[in-house]
Visitor: 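First the structure, which I've put down as structure tokens, then a few questions once you've had a look.
Just so it is clear, the structure is predicted and the values come from calculations on it, not from any experiment. One-based numbering, in listed order, for ligands and for the atoms of each.
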Amino acid sequence: MDPTKPVLVTGATGYVASWIVRYLLEDGYVVRGTVRNPDKPTGLEHLHALAAEHEGRLTLHQADLLDEGSYAEAMAGCELVIHTASPFLIGKVRDPEAQLVRPALEGTRNVLGSVDATPSVKRVVLTSSVVAIHGDNIDMKGRGPFTEDDWNTTSSVDHQPYPYSKTVAEQAAWEICGAQDRWDMVTIHPGLVLGPALTTASKSGSMTTMKAFIDGSLAGGAPDLAMGLVDVRDVARAHLLAGFTPGAHGRYITNAGTVTMLKIGRILRRRFGHSYPFPLLTVPKPMFKLVAPVAGFSREFVDKNVGWPLEFDNSRSVEELGLTYRDPADTVADQFQQMIDDGLVHKPIGRT
Ligand code: NAP
């Protein structure tokens with residue numbers, strides 16, 4: 001990989017991609033970031049600031065996942081393409097096919113179609129997810145932690161549409177990659193990504209998850225729902241390691257550990273005190289099942305996920321990429337502190 005060649009990052013405005021762009025610039029690379037609307041008045045401030053700080057090394061280019069060929073111009077001359085753009089929505093999704101599956105699947109085909117047509121590209125790093133590895137927590141019943149050999153076989157447009165979108169997009173990507181031998185592909189599989197954001201404009205499910213700790217929606221308790229968790233800074237670093245480590249290949253689970261909303265609440269209470277509406281109690285599964293549809297979760301989701309353990313084996317990422325993981329307690333505390341600093345959380349009375 002020629003370090004003087006530009007690196008393309010799709011969806012550069014995103015929560016994860018913004019950190020990838022920042023690390024690439026800090027490491028001295030030239031970066032081309034694609035955005036849907038480079039002229040929008042808000043949401044790009046952090047990228048403009050990075051461009052000013054690293055003069056002449058970050059440019060923004062218009063492209064849309066559903067606009068065929070729109071990535072080609074920005075890709076010309078790049079050896080590494082990091083494809084992160086894909087919607088991550090949790091809770092109520094009105095039209096999962098249109099809002100999740102089409103952009104993920106057609107978008108991946110669109111970007112990789114341009115990769116095929118761009119002779120300079122040598123490697124693609126694709127942001128997949130642990131949800132392309134497993135669908136529901138119950139899928140771990142009777143077996144050990146999930147590994148990169150596992151595929152999500154249980155999600156559909158109607159049940160777990162976001163995991164389904166990530167699974168079909170990654171499958172299509174491997175199919176396209178396998179049909180040629182000029183470029184290779186490495187896929188990154190984060191658990192739920194948390195940690196400080198460089199932008200307050202992201203609509204990522206990561207933001208929605210943390211907002212639940214300040215808006216009072218968990219004050220009455222939280223379901224016993226286990227999730228993988230990883231720091232956004234470690235996920236971004238994993239993309240760079242995947243891009244520039246010569247022997248990197250295949251799929252890499254990037255996950256620091258398993259948490260529940262209650263465990264996150266306990267960490268936050270230890271660091272920030274008792275004045276915020278952090279959850280104290282577990283909502284019993286039958287009770288959560290009754291109210292779940294109001295919060296955008298189906299009863300099938302509750303049956304197959306709440307109360308079931310979940311574990312991932314991250315050893316490939318440690319041994320082959322040399323990735324190190326932050327303590328999840330620091331990840332959530334750093335994010336909450338940043339939400340306070342950004343004015344998203346009002347300090348409770350009595351706190352200085
Ligand atoms: P995010 O902040 O919402 O970023 C998503 C990005 O995708 C945005 O830059 C958005 O661009 C772009 N995008 C969405 N629809 C598009 C379209 N039709 N055309 C072009 N761009 C489009 O979410 P994120 O959390 O950073 O997620 C980034 C990637 O990580 C996704 O592939 C996601 O599946 C994956 N991932 C995330 C997590 C997590 O917990 N956050 C975990 C595992 C995997 P605009 O700014 O133009 O809207």
Visitor: With backbone taken as N, CA, C and O and side chain as the heavy atoms from C-beta onward, which portion of K166 lies under 4.0 Å from ligand 1: side chain, backbone, both, or neither?
Guide: side chain
Visitor: With a 4.0 Å heavy-atom cut-off (strictly under), which part of W19 contacts ligand 1: side chain, backbone, both or neither?
Guide: neither
Visitor: What part of E106 sits under 4.0 Å from ligand 1 if we count only heavy atoms: the side chain, the backbone, both or neither?
Guide: neither
Visitor: In terms of residue, atom name and distance, what is the protein heavy atom nearest to atom 44 (C) of ligand 1?
Guide: S128 O, 3.2 Å
Visitor: Considering non-hydrogen atoms of the protein only, which is the closest contact for atom 4 (O) of ligand 1, and what is the distance?
Guide: G14 CA, 3.4 Å
Visitor: Flag yes if more than 12 heavy atoms outside E26 fall under 6.0 Å of its CD atom; otherwise flag no.
Guide: yes
Visitor: Can you report which non-hydrogen protein atom sits closest to atom 2 (O) of ligand 1, along with the distance?
Guide: S202 OG, 2.6 Å
Visitor: If we only count heavy atoms from C-beta on, is the M75 to R32 side-chain gap below 4.5 Å?
Guide: no
Visitor: For atom 5 (C) of ligand 1, which of S86, S204, P87 has the closest heavy atom?
Guide: S86
Visitor: In terms of residue, atom name and distance, what is the protein heavy atom nearest to atom 18 (N) of ligand 1?
Guide: D64 OD1, 3.3 Å
Visitor: Among protein heavy atoms, which lies nearest atom 15 (N) of ligand 1, and at what distance?
Guide: R36 NH2, 3.3 Å
Visitor: Under 4.0 Å between a Lys/Arg side-chain N and an Asp/Glu carboxylate O for D303 and K289?
Guide: yes
Visitor: Atom 35 (C) of ligand 1: which of T127, V9, T13 has the nearest heavy atom?
Guide: T127
Visitor: Relative to the ring of W19, is the ring of Y23 parallel (under 30°), tilted (30 to 60°) or perpendicular (over 60°)?
Guide: tilted
Visitor: I'd like to know if the side chain of Q338 reaches the main chain of P196, judged simply by a donor and an acceptor atom lying under 3.5 Å from each other, with no hydrogens or angles considered.
Guide: no
Visitor: With a cut-off of 6.0 Å (strictly less than), are more than 12 heavy atoms of other residues, nucleotides or ligands near CZ of R102?
Guide: no
Visitor: Which part of F88 is near ligand 1, with near meaning a heavy atom under 4.0 Å away: side chain, backbone, both or neither?
Guide: side chain
